[in-house]
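Worksheet: the structure to be examined is printed underneath.
Read the numbers this way: they start at 1 and go in the same order the structure lists the ligands and their atoms. Keep in mind that what you see is a predicted model, and the values were worked out from it rather than measured.
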Amino acid sequence: MKHNSTLADIQMIEIPKISDPDGRGNLSVVEKDILPFPIKRVYYLYDVPSNSSRGGHAHIDLVQCLIPLSGSFDVVLDDGSSKKTITLNRPDRGLLIPTGIWRELENFSSGGVCLSLVSDVYKEDDYIREYDEFLSFKGA
Ligand code: T46
């Protein structure tokens with residue numbers, strides 16, 4: 001797995017949207033070819049107070065795609081050299097975060113829901129939760 005990802009490796013993925021011709025709203029579908037990894041786990045964040053943040057860590061091998069199913073939130077991304085913030089607010093756009101990127105999710109709107117499609121089952125030893133350790137990891 002690539003460990004020296006930079007902000008340039010982060011991608012927005014367009015999720016096909018099927019708008020109902022009779023005005024019944026939209027349907028978006030994630031099929032296996034949209035993502036560059038097989039989905040092994042799905043989890044979602046919701047009821048996040050607007051003054052709280054989630055994340056605050058990096059992953060060693062895990063790759064994931066974040067989709068704002070409802071509402072909006074900001075994702076602050078950091079590759080150890082640079083940072084950028086991306087606002088997610090479209091359920092037909094997913095943010096693909098490669099390995100070795102520090103992320104924080106903040107500014108959740110009321111009703112904001114973050115769906116996460118991930119490349120592996122939950123493994124605590126895949127997390128880097130100390131920022132100094134992350135910088136050492138990126139420098140290694
Ligand atoms: C990420 C951001 C966006 C589990 O038992 N199974 C799971 O699949 C997950 C994701 C978490 N947990 C447990 C571990 C902790 O005791 O749930 C608790 C909260 O997890 P954490 O503090 O890691 O939650 P977030 O929202 O800070 O981070 C999560 C993901 O862990 C992480 O991969 O990128 O959402």
Side-chain angles (χ1 to χ4, degrees):
M1 196 62 82
K2 184 182 174 190
H3 288 151
N4 57 349
S5 307
T6 69
L7 295 185
D9 297 309
I10 294 164
Q11 296 172 45
M12 290 299 296
I13 293 192
E14 190 155 343
I15 303 168
K17 178 167 91 173
I18 302 166
S19 295
D20 190 84
D22 298 321
R24 297 184 302 153
N26 299 318
L27 182 157
S28 280
V29 56
V30 178
E31 284 193 340
K32 63 183 175 70
D33 292 341
I34 292 179
L35 298 177
F37 59 87
I39 299 167
K40 286 206 183 158
R41 178 166 51 109
V42 174
Y43 66 88
Y44 40 98
L45 303 170
Y46 55 101
D47 291 345
V48 181
S50 59
N51 59 355
S52 288
S53 64
R54 306 290 310 209
H57 54 250
H59 284 282
I60 298 169
D61 282 324
L62 191 93
V63 182
Q64 65 189 143
C65 180
L66 303 181
I67 302 170
L69 282 193
S70 177
S72 66
F73 51 88
D74 295 336
V75 187
V76 184
L77 300 150
D78 179 346
D79 63 10
S81 301
S82 312
K83 286 187 189 192
K84 75 173 171 185
T85 300
I86 295 179
T87 299
L88 296 186
N89 55 14
R90 289 186 57 172
D92 60 346
R93 294 277 189 282
L95 180 68
L96 188 64
I97 307 179
T99 59
I101 299 287
W102 190 270
R103 85 291 310 271
E104 297 192 24
L105 280 61
E106 57 188 32
N107 290 332
F108 275 80
S109 68
S110 171
V113 178
C114 171
L115 178 73
S116 183
L117 309 174
V118 290
S119 64
D120 206 352
V121 298
Y122 177 73
K123 292 175 185 161
E124 184 55 37
D125 61 7
D126 190 68
Y127 285 73
I128 303 172
R129 292 191 185 270
E130 297 298 328
Y131 192 70
D132 286 349
E133 197 188 320
F134 169 66
L135 292 180
S136 304
F137 175 78
K138 295 300 282 185

> Which is it for Ile97 and ligand 1 at heavy atoms under 4.0 Å: side chain, backbone, both or neither?
Replying inline: neither
>> Tell me the nearest of Ser52, Ser116, Gly55, Cys114 to atom 25 (P) of ligand 1, using heavy-atom distances.
In response: Gly55
> Can you check whether a protein heavy atom sits less than 4.0 angstrom from atom 16 (O) of ligand 1?
Replying inline: no
> Taking atom NZ of Lys84 as the centre, does the number of heavy atoms from other residues, nucleotides or ligands within less than 6.0 Å exceed 12?
Replying inline: yes
> Between Asp22 and Arg24, is the closest basic N to carboxylate O distance under 4.0 Å?
Replying inline: no
>> To the nearest 0.5 Å, what is the distance between SG on Cys114 and CG on Leu66?
In response: 4.5 Å
> Will you find, in the side chains of Ser19 and Asn26, an N or O donor that is under 3.5 Å from an N or O acceptor?
Replying inline: yes
>> Is the contact between Gln64 and ligand 1 made by the side chain, the backbone, both, or neither, using heavy atoms and a 4.0 Å cut-off?
In response: side chain
>> Please list, in number order, the atoms of ligand 1 under 4.0 Å from a heavy atom of Arg103.
In response: 34 (O)
>> Heavy atoms only: which of Tyr44, Tyr122, Tyr127 lies closest to atom 12 (N) of ligand 1?
In response: Tyr122
>> If we set the cut-off at 4.0 Å for heavy atoms, which region of Arg129 has an atom near ligand 1: side chain, backbone, both, or neither?
In response: side chain
> Looking only at protein heavy atoms, which one is nearest to atom 28 (O) of ligand 1, and how far off is it?
Replying inline: His57 CE1, 3.2 Å
>> Check whether Ser5 reaches the backbone of Pro98 with its side chain - one donor and one acceptor, N or O, closer than 3.5 Å.
In response: no
>> Under a 3.5 Å cutoff, is there a donor and acceptor pairing between the side chains of Thr87 and Asp74?
In response: yes
>> Looking only at the side chains, is there a donor atom on one of Glu124 and Tyr122 sitting less than 3.5 Å from an acceptor on the other?
In response: yes
> Which residue pairs satisfy the ring-ring contact (aromatic ring centres under 6.0 Å, His included) criterion with at least one member in residues 13-45, sequence neighbours excluded?
Replying inline: Tyr44-Tyr46
> Nearest protein heavy-atom contact for atom 33 (O) of ligand 1: which residue, which atom, what distance?
Replying inline: His59 NE2, 2.6 Å
>> How far is atom 26 (O) of ligand 1 from the closest protein heavy atom, and which atom is that?
In response: Arg54 NE, 2.8 Å
> So which protein heavy atom does atom 30 (C) of ligand 1 come closest to, and at what separation?
Replying inline: Tyr43 OH, 3.1 Å
> Protein heavy atom under 4.0 angstrom of atom 23 (O) of ligand 1, is there one?
Replying inline: yes
> Among all protein non-hydrogen atoms, which one is nearest to atom 10 (C) of ligand 1, and what is the separation to 0.1 Å?
Replying inline: Arg41 NH1, 3.4 Å
>> One thing to verify: whether Glu104 and Lys83 come together as a salt bridge, which I'm taking to mean a side-chain N less than 4.0 angstrom from a carboxylate O.
In response: no
